[in-house]
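Here the structure comes first, spelled out in structure tokens, and everything after it is commentary.
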Amino acid sequence: LTDIDLQEIVLLDIKRAFSEGIREEVSMPAFYEGKKNDVGALIIHDLGSSPKNMQLYNKYIYNLGYTTYISRIAGHSSNYKYLNHFTFIDWYESLKYGYNTLLKTTKSIYIIGKGFGCFLSILISMFNKVDRLILIIPQTDKPKTKKLYLNRLNIFRNNVENFDYNDNDNSYRFIPKKSVKEANALIKYLMNNIDKYNKNIPINIHTFESNNAIYYYKGIKFLSSLKKKDVNIEVFNMELLNKFKRGSNVKQ
């Protein structure tokens with residue numbers, strides 16, 4: 001994609017979204033060229049979520065003058081059935097439209113990933129030029145997370161076709177088993193290839209309160225492993241990440 005015209009890259013991403021039945025503009029991937037070209041922000045939504053959920057982040061950053069690209073992970077924002085067609089590698093490749101757009105237009109690339117988008121952000125940084133990761137990680141208490149996880153497993157064991165997977169914000173309230181398997185496969189891949197991470201890329205971690213945090217503890221485990229590799233990790237709202245804090249020497 002690096003050799004393709006800038007507008008063509010954006011158009012290809014939009015056409016892909018359109019082919020999956022997406023019609024609302026706020027649920028499409030979008031490129032916003034700011035007045036400053038020193039930093040571009042690639043914005044990645046959560047698993048089962050939508051670009052629509054990241055509009056506030058985009059508006060804030062763009063209003064500061066920076067260039068932004070709201071990505072759409074393949075299979076999202078339309079109907080859950082599309083998720084069954086994609087692997088985590090497909091998710092990764094679907095984000096390269098936005099990445100290459102920023103590569104053509106900005107000097108530095110920051111990736112902002114929310115929820116499961118954090119893992120995809122890290123995957124991109126392993127194989128591409130990235131200057132900073134900003135990870136927005138859900139914080140939750142263990143009992144609520146465990147209860148939610150068990151409820152979802154019960155749903156997966158039943159006929160999931162009976163559920164309405166689309167919310168008003170074009171997010172999926174439930175995730176198909178195949179996508180859960182792919183999500184776990186991505187985390188396993190990252191853990192097994194942690195040595196490929198460029199420890200010179202700084203990571204900023206921000207937390208938000210959520211009861212929907214299936215991958216929160218796996219994320220903390222992975223970040224703790226990165227910390228052991230002397231990666232520069234700065235955590236905000238440290239009191240919400242006590243498990244990550246224990247024994248760590250990260251900046252506060």
Side-chain angles (χ1 to χ4, degrees), residues 36 38-47 49 53-54 56-58 60-61 64 66-71 73 88 91-92 95-96 98-100 102-103 106-140 183-210 213-252:
K36 303 176 182 178
D38 52 340
V39 174
L42 180 66
I43 303 173
I44 304 174
H45 60 78
D46 201 351
L47 181 67
S49 187
N53 299 117
M54 304 301 288
L56 287 177
Y57 296 94
N58 172 72
Y60 177 80
I61 298 168
L64 292 176
Y66 296 105
T67 295
T68 64
Y69 195 107
I70 299 184
S71 294
I73 304 172
F88 77 82
W91 295 342
Y92 163 79
L95 299 172
K96 292 299 291 291
Y99 173 84
N100 280 291
L102 294 177
L103 192 64
T106 61
K107 297 177 182 178
S108 301
I109 297 178
Y110 287 17
I111 301 183
I112 302 173
K114 184 176 182 181
F116 189 78
C118 296
F119 295 107
L120 289 168
S121 301
I122 293 169
L123 183 64
I124 293 175
S125 71
M126 281 184 169
F127 300 101
N128 302 274
K129 173 188 174 294
V130 172
D131 296 279
R132 182 178 293 273
L133 290 179
I134 300 174
L135 308 182
I136 306 170
I137 296 177
Q139 178 274 332
T140 187
N184 288 328
L186 171 55
I187 297 172
K188 182 178 180 180
Y189 175 84
L190 292 176
M191 291 296 294
N192 291 340
N193 294 275
I194 200 166
D195 289 330
K196 293 182 180 180
Y197 183 78
N198 181 357
K199 66 180 183 180
N200 294 318
I201 302 174
I203 299 177
N204 296 102
I205 299 174
H206 299 259
T207 61
F208 66 98
E209 292 185 8
S210 173
I214 299 298
Y215 295 102
Y216 168 71
Y217 295 102
K218 292 183 179 180
I220 297 303
K221 181 179 178 180
F222 179 74
L223 289 170
S224 298
S225 299
L226 277 179
K227 180 192 63 182
K228 294 177 182 178
K229 300 291 182 181
D230 296 324
V231 175
N232 180 17
I233 298 178
E234 185 170 358
V235 181
F236 298 85
N237 295 329
M238 195 70 179
E239 67 279 6
L240 300 179
L241 290 172
N242 289 327
K243 187 172 182 180
F244 181 71
K245 179 180 179 181
R246 295 192 187 103
S248 70
N249 58 358
V250 294
K251 300 177 182 178
Q252 299 190 43

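All heavy atoms count here, side chains included; hydrogens, waters and symmetry mates do not.
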Next item on the list: Check the surroundings of atom OH in Tyr60: do more than 12 heavy atoms from other residues, nucleotides or ligands lie under 6.0 Å from it?
Entry: no
Check: Would you find more than 12 non-hydrogen atoms of other residues, nucleotides or ligands less than 6.0 Å from Lys129 atom NZ?
Finding: yes
Determine the minimum heavy-atom distance between [X] and [Y], stating which atoms define it.
| X | Y | answer |
| --- | --- | --- |
| Met126 | Asn193 | CE-O, 3.5 Å |
| Gly115 | Pro138 | CA-CD, 3.9 Å |
| Met54 | Ile70 | O-CD1, 4.2 Å |

From [X] [atom1] over to [Y] [atom2], what is the distance, rounded to the nearest 0.5 angstrom?
| X | Y | atom1 | atom2 | value |
| --- | --- | --- | --- | --- |
| Ile203 | Ile201 | CD1 | CD1 | 8.0 Å |
| Leu42 | Asn100 | CG | CG | 10.0 Å |
| Ser108 | Leu103 | OG | CG | 11.0 Å |
| Ile194 | Lys228 | CD1 | NZ | 9.0 Å |
| Asn232 | Glu234 | CG | CD | 7.0 Å |

[X] versus [Y]: any side-chain heavy-atom pair under 4.5 Å?
| X | Y | answer |
| --- | --- | --- |
| Lys227 | Ile233 | yes |
| Tyr110 | Tyr66 | no |
| Lys107 | Asp131 | no |
| Leu47 | Trp91 | yes |

Note to self: Which residues pass the side chain to side chain donor-acceptor pair (under 3.5 Å) test with Asn128, not counting sequence neighbours?
What the structure shows: Tyr92, Lys96
Next item on the list: Could you tell me whether a side-chain N or O of His45 sits under 3.5 Å from a main-chain N or O of Ile73, the two making a donor and an acceptor?
Entry: yes
Margin query: Could you go through Met191 and Lys218, starting from their C-alpha distance and side-chain angles, then the distance that decides it, and tell me whether this counts as side chain to side chain contact (heavy atoms under 4.5 Å, CB included)?
Written below: CA-CA 10 Å; Met191 291 296 294; Lys218 292 183 179 180; over 6 Å; no
Next item on the list: Decide side chain to side chain contact (heavy atoms under 4.5 Å, CB included) for Phe222 and Ile187; before the verdict, give the C-alpha distance in whole Å, the side-chain angles of both, and the deciding distance to 0.1 Å.
Entry: CA-CA 8 Å; Phe222 179 74; Ile187 297 172; 5.5 Å; no
Note to self: Does anything in residues 187-202 form a salt bridge (charged side-chain N to carboxylate O under 4.0 Å, His left out)? List the pairs, not counting sequence neighbours.
What the structure shows: Asp195-Lys229
Check: Only one of Leu223, Ile44, Ile112, Ile111 forms a side chain to side chain contact (heavy atoms under 4.5 Å, CB included) with Leu135, so which one is it?
Finding: Leu223
Notebook entry, point to check: Out of Ile109, Asn204, Val39, which residue meets the side chain to side chain contact (heavy atoms under 4.5 Å, CB included) rule with Arg132?
Noted result: Asn204
Checklist line | Worked check of side chain to side chain contact (heavy atoms under 4.5 Å, CB included) between Tyr197 and Leu133 | finding: CA-CA 12 Å; Tyr197 183 78; Leu133 290 179; 3.7 Å; yes
Item checked: Trace of the side chain to side chain contact (heavy atoms under 4.5 Å, CB included) decision for Thr68 with Tyr57 -> CA-CA 10 Å; Thr68 64; Tyr57 296 94; over 6 Å; no
Please output the side-chain donor-acceptor pairs of residues 116-125 that fall under 3.5 Å, not counting sequence neighbours, one pair per line with the distance.
from, atom 1, to, atom 2, distance (Å)
Ser121, OG, Gly117, O, 2.7
Ser125, OG, Ile122, O, 2.7

